[in-house]
Amino acid sequence: MNAKSTPTSSTQADPATDAPARESQNDSNAMWGGRFSQAPDSLMEAINVSIGFDKRLYAQDIVGSIAHCKMLVDQKILDADAGDQIISGLGKIREEIEQGKFEFKNSLEDIHLNIEGRLTEIIGADAGRLHTARSRNDQVATDFKLWVRDTIDAVDDALKALQFALIEQAEKNAATVMPGFTHLQAAQPVTTGHHLLAYVEMLGRDRGRFRDARARLNESPLGSAALAGTSFPINREQTAKALGFDRPTANSLDAVSDRDFALEFLSAAAITALHLSRLGEEIVIWCSAQFSFAKLSDAFTTGSSIMPQKRNPDAAELVRGKSGRIIGSLIGLITVMKGLPLAYSKDMQEDKEPVFDAAESLGVCIAAMTGMIGDIEFNIDRLRVAAGEGFTTATDLADWLVRVLNLPFRNAHHITGELVGIAEKSGRSLDELTLEEMQTVEGQITEDVFSVLGVAESVASRTSYGGTAPDNVMAQVKSARERFL
Ligand code: ARG
């Protein structure tokens, strides 16, 4: 740590005694320093400052201030001239920020005070009228809600694009057979289209969670002021409407201390990230030499600096890895919030970085996954062979015994188990057993049994609603397009 920034440093003045304290009075915070005689310690600034990250809220802060200012004018709380000056000053500040000309100052703590500070430089003391009937507490809640709302909309678009890529691949691979696993043990053959559409469903629920969060978020905190509301005759309906909110929040204490919207965003993000992580994990497995189920394009693969043969699925691994970080953001903020008394506490400034970080990570994960799915190539021949490995049509054989010989399923299961044992001992698959061998276990078995032992027949037979048959996949592709795209 820099010695200069320690509280015991000789550069710090004792507020009660010596002259430098009076000097530092001039440095006391211009926005809230009226009752202070000493400037903040540099460590105070270090722990308090948020401009480094909350500058991202500049656009929301400016539209929020413009809506507030117009309302103050309409309500005759602020005269129209001052209102016009404030609004044009805010417009200029937005330009300065967007052109990279704005000087963000740590001494002004956060985005709200940086903008107000600059407004004062531009229009003079009338800038100070903007904060009438408002507090940074309702201001930051409003800004952050607007930011999360915009982000939810962007995430929804991105998830839709990923669903599109998955649905296209599902259609192409509606009849591509592959092994279906439980316990990562070969279970029954499935179609690759069916497998991919499973993720389309997950992402559909994810989008639903973001939509629900957005609907609950969409109440305006603006006008709740510090915590208790205000004595000025404000019109909260007007500012709510101007900012695209459905209505103002009903309770000022709740409005300034609620971060449910951030937690709901992070919860939805965490669940989405976990879905992406599972798909990332599958891609990693599929692309291993041992599985060889699929190949990622060169665009989403990296080489090894020592092993020339390697094609590493780094992007899929990072999607898996970043999910940990997104889940961590949820855990972090939920922990920050859990012990806070009403209403606002500064702890709540810790809400932004996890949300910004999770949003950024989620955005890049969804985009990378969309790229990978767009051009992944499935190894259809290898998948067909693998689909039959591990006696995956054993259930089809048992079902045949039930359907054709009318055996109870438990007996059929037992008989099939014996046949699997014979095949396994002799290193053959079920359809390589002879009819005679089968009949030694169950005398009534006929030649017809072979019609259900192939993997293509197996998947084609699974036509129950939601099942894996290629015809179902085509119907589900159509339905998914209607529901999601
Ligand atoms: N930067 C603060 C935050 O993000 C703004 C609100 C500060 N309010 C206050 N009374 N100090 O939470």
Side-chain angles (χ1 to χ4, degrees), residues 156 159-212 268 271-283 285-286 293-294 369-370 373 376 378 380 383-384 386-404 409-410 412-413 416 451-485:
D156 186 68
L159 287 174
K160 187 169 156 178
L162 176 53
Q163 285 181 308
F164 177 86
L166 285 161
I167 292 169
E168 295 283 295
Q169 282 287 4
E171 185 174 41
K172 246 198 275 176
N173 291 288
T176 303
V177 281
M178 69 183 284
F181 297 95
T182 63
H183 315 266
L184 198 58
Q185 304 291 314
Q188 295 174 351
V190 295
T191 50
T192 304
H194 190 56
H195 194 113
L196 295 170
L197 288 178
Y199 285 98
V200 172
E201 294 299 321
M202 293 176 228
L203 300 175
R205 292 193 295 275
D206 292 331
R207 289 176 66 192
R209 269 182 282 273
F210 281 112
R211 246 195 324 273
D212 292 347
I271 298 173
T272 305
L274 111 77
H275 292 149
L276 297 176
S277 178
R278 294 180 77 175
L279 181 53
E281 166 68 358
E282 298 214 275
I283 291 174
I285 294 175
W286 293 342
F293 285 2
M369 191 54 89
T370 306
I373 292 297
I376 195 170
F378 289 97
I380 293 174
L383 283 171
R384 190 186 310 108
E389 286 167 357
F391 311 104
T392 53
T393 55
T395 315
D396 299 86
L397 172 52
D399 287 350
W400 184 90
L401 295 169
V402 170
R403 201 171 45 245
V404 180
F409 183 78
R410 279 290 152 234
H413 185 283
T416 306
S451 69
V452 301
L453 297 181
V455 291
E457 289 76 10
S458 171
V459 295
S461 73
R462 289 197 158 53
T463 53
S464 58
Y465 182 75
T468 202
D471 287 350
N472 282 25
V473 173
M474 290 311 289
Q476 286 301 319
V477 160
K478 185 164 176 284
S479 144
R481 286 196 172 118
E482 284 161 12
R483 285 184 292 144
F484 301 126
L485 301 185

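All values derive from a computational prediction rather than experimental measurement. Residue numbers count from 1 along this sequence. Computed from heavy atoms alone, side chains included, the values below leave out hydrogens, waters and symmetry copies.
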Taking Q188 for its side chain and T395 for its backbone only, find out whether a donor-acceptor pair lies under 3.5 Å.
-> no
Residues 469-478, side-chain donor-acceptor partners within the protein, below 3.5 Å, at least two apart:
residue: N472; atom: ND2; partner: S464; partner atom: O; Å: 2.9
residue: N472; atom: ND2; partner: G467; partner atom: O; Å: 3.3
residue: K478; atom: NZ; partner: E482; partner atom: OE2; Å: 3.4

Do I285 and F181 come close enough that some side-chain heavy atom pair is under 4.5 Å?
-> no
All heavy atoms of H194 vs all of G466, minimum pair found to be CE1-O, 3.0 Å
Could you tell me whether the side chain of T468 and the main chain of V459 form a donor-acceptor pair under 3.5 Å?
-> no
Hey, are the side chains of R384 and I380 touching, using non-hydrogen atoms and a 4.5 Å cut-off?
-> yes
Could you pull out the closest heavy-atom pair between F293 and A386, with the gap in Å?
-> CE1-CB, 3.6 Å
Smallest separation among heavy atoms of E457 and S451, with atom names | CG-O, 3.2 Å
Check: T393 side chain, G454 main-chain N or O, donor-acceptor pair, under 3.5 Å | no
Using a strict 4.0 Å threshold on nitrogen-to-oxygen distance, state whether R462 and D396 make a salt bridge.
-> yes
D399 side chain reached by F409 side chain, heavy atoms, under 4.5 Å | yes
Is any side-chain heavy atom of F484 less than 4.5 Å from a side-chain heavy atom of L203?
-> no
Side-chain heavy-atom pair E201, R483 within 4.5 angstrom cut-off | yes
Is a side-chain donor or acceptor of E389 paired with a backbone partner of A186 at a separation under 3.5 angstrom?
-> no
Of all the heavy-atom pairs spanning M178 and L383, show the shortest one and how long it is.
-> CB-CD2, 3.6 Å
Residue pair T176 / N173, side-chain donor-acceptor N/O under 3.5 Å = yes
Can you name the closest pair of heavy atoms from I167 and A480 and give their distance?
-> CD1-CB, 3.7 Å
Shortest non-hydrogen contact from A387 to P189?
-> O-CG, 4.0 Å
Between Y199 and E282, does any side-chain donor sit less than 3.5 Å from a side-chain acceptor?
-> yes
For T272, the side-chain hydrogen bond (donor to acceptor under 3.5 Å, both in side chains) test, sequence neighbours excluded, returns none
Side chains of Q163 and R481: does their closest heavy-atom pair fall under 4.5 Å?
-> no
Pair R209 + D206, salt bridge at N-O below 4.0 Å | yes
